[in-house]
Amino acid sequence: MQKKFDFLVIGSGIAGLSFALKVAQQGKVLIITKANEDETNTKYAQGGIAAVWDEHDNFEKHIEDTFNAGANLCDEEAVRTVVTQAPVRIKELMELGTSFDKTSAGNFDLAKEGGHSEHRILHYKDATGKEIERALLKKIHEHKNITIVNHYFAIDIITQHHLGELVTSKTKNITCYGVYVLNIHTQKVETILAKVTCMATGGVGQVYATTTNPLIATGDGIAMVYRAKGHVQDMEFVQFHPTSLYNPGEQPSFLISEAVRGFGAVLRTADEKEFMQKYDKRASLAPRDIVARAIDTEMKISGNEHVYLDCRHLYRKGFIEHFPNIYNKCMSLDIDPFKEMIPVVPAAHYLCGGIIVDKNSQSTIQNLYAVGECARTGLHGANRLASNSLLEAVVYAHNASLDAVKKVDTISFKENIPNWNAEGTEHAEEMVLITQSLKEVQQIMSNYVGIVRSELRLKRAFDRLEIIYKENETLYEQTTISPNLCELRNLICIGYLIIKHAMRRKESVGLHYMLK
């Protein structure tokens, strides 16, 4: 049986939920998510959302900061669109029920993070994303036109390819008709047809061994679009957050927000020497690419597995009020931030590239939008400015919704879509093959395609990954579909794209740093 909806949203983070709420007045909306509805990258966003908010700041400053962080590879139209829409979009979040911290005087408690020239980060404690997610999900459940289902894993988007037509990356007018979805409850693959599909599947952090991203961040949307011959760009620009908590074995890595450095924390080596001033005049508040490389260099010089974040001099009461989750996490590991330094290490955090979209978030595949981290809008250039990502998500979700609402009534459901071919025999050893291959992919990417790269490392990574790709494609063809198998397939695709794009870019810029 095939299900039909006017709008299909794949993913339940800030971008997908924002899009769903705005198109729901024009038709029936289905949101599918492969885990629990609140298990998204949004939920783990601590720092906040950036916007020009008071008389000391202006749009041009925010635009300049974004370009500086992005190594001037940002798209100017994208930057201006996002920055100028920011106050309006954030007011909408407030109207939907999102709370942001205020001072005792009743003004917004604006924070400052690395790369920003002004205090412009609105936040809710150190759990801003979780608060936004809460407010949006409440409105989603109240809307009569929106259905949200958990534990539905999108396998592939449906295009002309599934009708027996030859589709290549040069084929014009590739069209998305819907998606094949594995219902994890029944283990059956269902066909969902949609007039408009919105890809909002988040990031790719799980392609690396150490990441702040949740286990669901396996690049599914980007891989699906790439397999469907959609266009992808800037995959080499993977942002490593400089300060994840060093706690071997914990997955995902716990994030020590950049706002902690904005609050006055200082990076130091094991012998308590401050080192960031050697790398940038902004010291511990330099943009993330600079800080992550500096930490990586210091670790290589010392041979240590981490550096330290020193909070011992900070105002205790204010720190605990601003960062209760970070404080409680440290204390749970017997680290009192006011008596000892916090061990930190860079971790894969955010993808600046992804599915190429235009100003309306329309991808190169017709009737398919991409919003949030899986989309490449041009805002971030070679490196994302802190707290611009939640902002980008709501702005482009808004623009996509306006475009989708205008065209949805001109689109018809595609008939004669075949059901999923469910051939394949379960292999008893399937899980051990999958888990071992996943570890290999993550080690390859972490060791050879991390913060610092070289042509030799990239070639070695490509050769190793190609072997795993061939093995996994054979496994995929022979066994029944499972989320673990599909996620591995998607991560191999993501690794391939990061390596290929890194190989093409010979110069060091932003997050892509090549040894000579």
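These numbers come from the heavy atoms of this one structure, side chains and all, not from hydrogens, waters or symmetry mates. As the structure is a prediction and not an experimental result, all values here were calculated from the model.
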Is there a donor-acceptor pair closer than 3.5 Å between any side-chain N or O of [X] and the backbone N or O of [Y]?
X	Y	answer
Ser446	Gln442	yes
Asp296	Ala292	no
Asn328	Pro324	yes
Ser437	Ile434	no
Asp126	Ile326	yes
Asp75	Gly378	no
His162	Thr159	yes
Thr364	His231	yes
Gln233	Gly354	no
Asn150	Glu37	yes

task = List the steps and the verdict of side chain to side chain donor-acceptor pair (under 3.5 Å) for Asp271 and Thr269.
result = CA-CA 5 Å; Asp271 56 5; Thr269 54; 2.3 Å; yes
Enclosure of [X] [atom1] (heavy-atom neighbours >12, cutoff 6.0 Å):
X	atom1	result
Tyr279	OH	yes
Tyr226	OH	no
Glu507	CD	yes
Tyr513	OH	no
Phe153	CZ	yes

Reported [atom1]-to-[atom2] distance for the pair [X] and [Y], which is rounded to 0.5 angstrom:
X	Y	atom1	atom2	answer
Asn247	Ile335	CG	CD1	7.5 Å
Leu30	Tyr152	CG	OH	8.5 Å
Lys506	Met514	NZ	CE	6.5 Å
Leu385	Leu391	CG	CG	10.0 Å
Lys500	Glu236	NZ	CD	12.5 Å
Arg505	Phe237	CZ	CZ	3.5 Å

request  = Step by step, work out the side chain to side chain donor-acceptor pair (under 3.5 Å) result for Asn173 and Gln366.
outcome  = CA-CA 6 Å; Asn173 301 326; Gln366 289 190 72; 3.2 Å; yes
Which atoms form the tightest heavy-atom contact between [X] and [Y], and what is the distance?
X	Y	answer
Ala393	Gly372	CB-CA, 4.3 Å
Ala502	Arg453	CB-NH1, 4.0 Å
Asp310	Arg268	OD2-NE, 2.8 Å
Thr211	Ala348	OG1-O, 2.7 Å
His241	Ile256	CE1-O, 3.5 Å
Ile417	Gln2	O-NE2, 2.7 Å

Identify whether the distance between the nearest side-chain nitrogen and carboxylate oxygen of [X] and [Y] falls below 4.0 Å.
X	Y	value
Glu440	Arg464	no
Lys470	Glu473	no
Glu133	Lys130	no
Glu487	Arg489	no

Using a 4.5 Å cut-off on heavy atoms from C-beta on, say whether the side chain of [Y] contacts that of [X].
X	Y	answer
Leu267	Leu309	yes
Arg460	Asp463	no
Ser18	Leu136	yes
Phe240	Ile295	no
Cys330	Phe254	no
Ile222	Met235	yes
Lys34	Thr218	yes
Met276	Val291	yes

ask   = Where do Val449 and Leu458 land on the side chain to side chain contact (heavy atoms under 4.5 Å, CB included) test, with the steps shown first?
value = CA-CA 6 Å; Val449 202; Leu458 293 175; 3.8 Å; yes
Side-chain donor-acceptor pair under 3.5 Å between [X] and [Y], yes or no?
X	Y	answer
Thr377	Glu392	yes
His380	Gln239	no
Thr147	Lys3	no
Arg384	Tyr350	no
Asn41	Glu373	yes
Glu113	His123	no
Asn36	His151	yes

key: Test side chain to side chain donor-acceptor pair (under 3.5 Å) applied to Asn388 and Thr66, step by step   = CA-CA 8 Å; Asn388 265 0; Thr66 301; 3.1 Å; yes
ask   = Per the side chain to side chain contact (heavy atoms under 4.5 Å, CB included) rule, which among Ile184, Val189, Asn183 passes with Gln187?
value = Ile184
query = Taking it one step at a time, do Met445 and Ile494 satisfy side chain to side chain contact (heavy atoms under 4.5 Å, CB included)?
reply = CA-CA 10 Å; Met445 296 300 294; Ile494 295 300; over 6 Å; no
ask   = Should Leu456 and Leu515 be marked as a side chain to side chain contact (heavy atoms under 4.5 Å, CB included) after you check the CA-CA gap, both sets of side-chain angles, and the distance that decides it?
value = CA-CA 10 Å; Leu456 180 60; Leu515 294 175; over 6 Å; no
key: side chain to side chain contact (heavy atoms under 4.5 Å, CB included) between Leu333 and Leu245, intermediate numbers included   = CA-CA 11 Å; Leu333 297 173; Leu245 180 64; 3.5 Å; yes
ask   = Using 30° and 60° as the class limits, which term best fits the ring planes of Tyr246 and His306: parallel, tilted or perpendicular?
value =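 Answer is tilted, since the angle falls between 30° and 60°.
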